[in-house]
Each structure stands twice: as C-alpha cells, then as structure tokens.
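Read through the structure below, which is laid out as structure tokens, and then see the notes.
This is a predicted model, so every value here is computed, not measured.
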Amino acid sequence: MIVWLNGTHGAGKTTTSALVQQLIPDSRVFDAERVGETLMDITPVLSRTDNFQHWPPWRPLVVETARQVLDYTGGTLVMPMTVLVEQYWREISAGLAQHSIPVRHFVLHADQETLRGRIEGDTDMGPSAFRLKYLAPYAEAARTWLHDEAEVVDTTHLTPAEAARRIVEAVGS
C-alpha cells in the first residue's frame, strides 16, 4: 500500500511523513523527489524546465520505483510529494492501479497565510521564492480537482504529530 501525502510547500509533508512512518508497522518513506533529482543529474540536461515533474519519464519512473520497492520490501510506502497537475496525478495513480497497488491519497492543507508564514519562516531551508510560487497553483488545484481526489487534512492548526495520527487512524479504518 502507498500512503501519499500531497499538498504544497509548507503544508508539513516531510515532517508528517516521518511521523506516519513511525506509526505504521513495516512502512518506509519514499520521497519521489529523489527520482526527479536523478533525472536532473543527467547531462546534458534533458530539457529546460522549472519542475522535473514536467519531464515525461518522471511519472512512470515514480510508479516503477514504488512498485519495485514494494515488491522487494512489502509493507507500506509513505510518499510525501506535491503533485498539482491533475494529468500527472492521473498518470501516477493509474500506473499504480495497473500494478494493483492500493493508494490512500491525503492532501495536507493549510490556508495561504499559514503556508506563506511557514515558508518565509523556515529555519532549515530558509525563505524560498521557488516554494512561494507554488501557493497559487496549489490553491487552484485544491479548488478545481485536488481536494476531490484525496482525503484533506487541514494542518493550519495541527501539529505534525496530530496530522500523522489522523492519517494513520484514517488508514486503519
């Protein structure tokens, strides 16, 4: 099984995924961003883009990597990864379904003001224009399709531990 934690930067995906992993026996965290980083290391560059998710190989490689890891380890993969393009989510979820891999899709949500404050106040990564530019696309995806495709966990007033417990409770029910 895959527990996919979606949402934009500042929603708490990375922190929450580590806590979810601790609460689900026989689970592992797989950050699909690493697949994108591998593609970014190819030289010469595949093509100019501001987001590796736009490269067509990224989506099937995420599916195949998740499948291979689950075939090898069994258990549950907790995957913190922002996917805001509906077509990309459809490709990934369809690919996982072709391999009979069940997915519980959660969106960690927070209001725009909270997200902006978290990004601007991030002491680990520092303020990031890259991360801030995804606030509007997230709001649009949330409004048009994303919140209909997932279980929404509003993290505006939750600690990551509280969000993790809610996710684990939902997965267990």
Side-chain angles (χ1 to χ4, degrees), residues 1-14 16-17 20-21 24 27-42 45-112 115 119 130-155 163-164 166-168 170-173:
M1 161 186 251
I2 290 174
V3 175
W4 193 292
L5 302 185
N6 205 338
T8 195
H9 305 284
K13 296 179 306 299
T14 301
T16 303
S17 67
V20 168
Q21 185 275 319
I24 297 178
S27 65
R28 290 164 180 74
V29 174
F30 165 45
D31 188 342
E33 188 165 327
R34 302 291 180 243
V35 174
E37 290 172 357
T38 298
L39 293 172
M40 289 169 46
D41 284 341
I42 294 173
V45 68
L46 296 176
S47 63
R48 296 270 179 233
T49 183
D50 64 342
N51 185 334
F52 56 72
Q53 291 185 17
H54 299 320
W55 288 326
W58 181 77
R59 281 102 53 205
L61 285 171
V62 166
V63 169
E64 185 60 19
T65 304
R67 183 186 73 79
Q68 289 286 338
V69 171
L70 284 171
D71 283 354
Y72 179 66
T73 64
T76 300
L77 285 183
V78 181
M79 295 182 63
M81 186 71 223
T82 301
V83 179
L84 301 180
V85 177
E86 184 176 9
Q87 174 190 335
Y88 298 173
W89 176 251
R90 299 261 178 253
E91 288 177 42
I92 291 167
S93 58
L96 294 168
Q98 284 181 330
H99 295 291
S100 300
I101 300 170
V103 177
R104 289 295 295 268
H105 184 200
F106 294 89
V107 171
L108 301 186
H109 173 80
D111 61 58
Q112 292 283 304
L115 292 168
I119 292 167
F130 174 83
R131 295 169 75 202
L132 286 169
K133 82 176 189 174
Y134 283 92
L135 293 181
Y138 167 72
E140 179 65 11
R143 185 184 65 75
T144 58
W145 72 273
L146 184 58
H147 284 195
D148 294 334
E149 291 290 322
E151 299 170 64
V152 178
V153 178
D154 190 331
T155 67
R166 287 191 185 183
I167 291 164
V168 171
V171 168
S173 63

Taking atom [atom1] of [X] and atom [atom2] of [Y], what is their separation to the nearest 0.5 Å?
X	Y	atom1	atom2	result
Ile2	Met81	CD1	CE	13.5 Å
Leu61	Leu39	CG	CG	6.0 Å
Arg143	Asp148	CZ	CG	11.0 Å
His99	Gln68	NE2	CD	8.5 Å
Leu46	Phe52	CG	CZ	12.5 Å

Handout entry: Non-hydrogen side-chain atoms of His105 and Asn6 separated by less than 4.5 Å
Key =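 Counting from C-beta outward, His105 and Asn6 do come under 4.5 Å.
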Handout entry: Non-hydrogen side-chain atoms of Pro80 and Val29 separated by less than 4.5 Å
Key =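 SC-SC contact between Pro80 and Val29 confirmed.
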Taking every non-hydrogen atom, the tightest pair across [X] and [Y]:
X	Y	value
Asp111	His109	N-NE2, 4.1 Å
Tyr138	Val107	OH-CG1, 3.6 Å
Ser17	Thr14	OG-O, 2.8 Å
Val171	Val3	CG2-CG2, 3.9 Å
Thr8	Thr82	CA-OG1, 4.0 Å
Lys133	Asp50	NZ-OD2, 3.1 Å

Just by modelled atom types, is the [Y] backbone N or O under 3.5 Å from a matching donor or acceptor in the [X] side chain?
X	Y	answer
Asp154	Ala110	no
Glu151	Arg104	no
Thr155	Leu108	no
Thr65	Val62	no
Thr16	Ala163	no
Trp58	Ala32	yes
Gln21	Ser27	yes

Exercise for the section: Decide whether Tyr88 and Asn51 meet the rule of one side-chain donor and one side-chain acceptor closer than 3.5 Å. Expected result: no
Handout entry: Residue pair Leu84, Tyr134: steps toward the side-chain contact (heavy atoms from CB on, under 4.5 Å) verdict
Key = CA-CA 9 Å; Leu84 301 180; Tyr134 283 92; 4.1 Å; yes
Exercise for the section: Test salt bridge (charged side-chain N to carboxylate O under 4.0 Å, His left out) on Lys13 and Asp31 and set out the steps. Expected result: CA-CA 10 Å; Lys13 296 179 306 299; Asp31 188 342; over 6 Å; no
Exercise for the section: Go through Met40 and Glu33 one step at a time and tell me if the side-chain contact (heavy atoms from CB on, under 4.5 Å) criterion holds. Expected result: CA-CA 10 Å; Met40 289 169 46; Glu33 188 165 327; over 6 Å; no
Exercise for the section: Dump the intermediate steps for side chain to side chain donor-acceptor pair (under 3.5 Å) on Trp55 and Ser47, then the final yes or no. Expected result: CA-CA 8 Å; Trp55 288 326; Ser47 63; 3.0 Å; yes
Handout entry: Parallel, tilted or perpendicular: ring planes of Trp4 versus Trp89, cut at 30 and 60 degrees
Key = perpendicular
Handout entry: Leu96 vs Arg67, side-chain contact (heavy atoms from CB on, under 4.5 Å): CA-CA, chis, key distance, verdict
Key = CA-CA 7 Å; Leu96 294 168; Arg67 183 186 73 79; 5.8 Å; no
Problem - Candidate list Val78, Leu77, Leu70, test side chain to side chain contact (heavy atoms under 4.5 Å, CB included), partner Arg28, passing option - result: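 By the side chain to side chain contact (heavy atoms under 4.5 Å, CB included) criterion, Arg28 pairs with just one of Val78, Leu77, Leu70: Leu77.
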Practice task
Scan residues 52-61 for pairs that pass salt bridge (Lys or Arg N to Asp or Glu O under 4.0 Å), counting only residues two or more places apart or in two chains.
Solution key: Arg59-Glu91
Handout entry: By side-chain contact (heavy atoms from CB on, under 4.5 Å) - contacts of Arg90 (at least two apart)
Key = Glu86, Glu149
Practice task
Compute the centroid of each ring, for His9 and then for Phe130, and state whether the two points are separated by less than 6.0 Å.
Solution key: yes
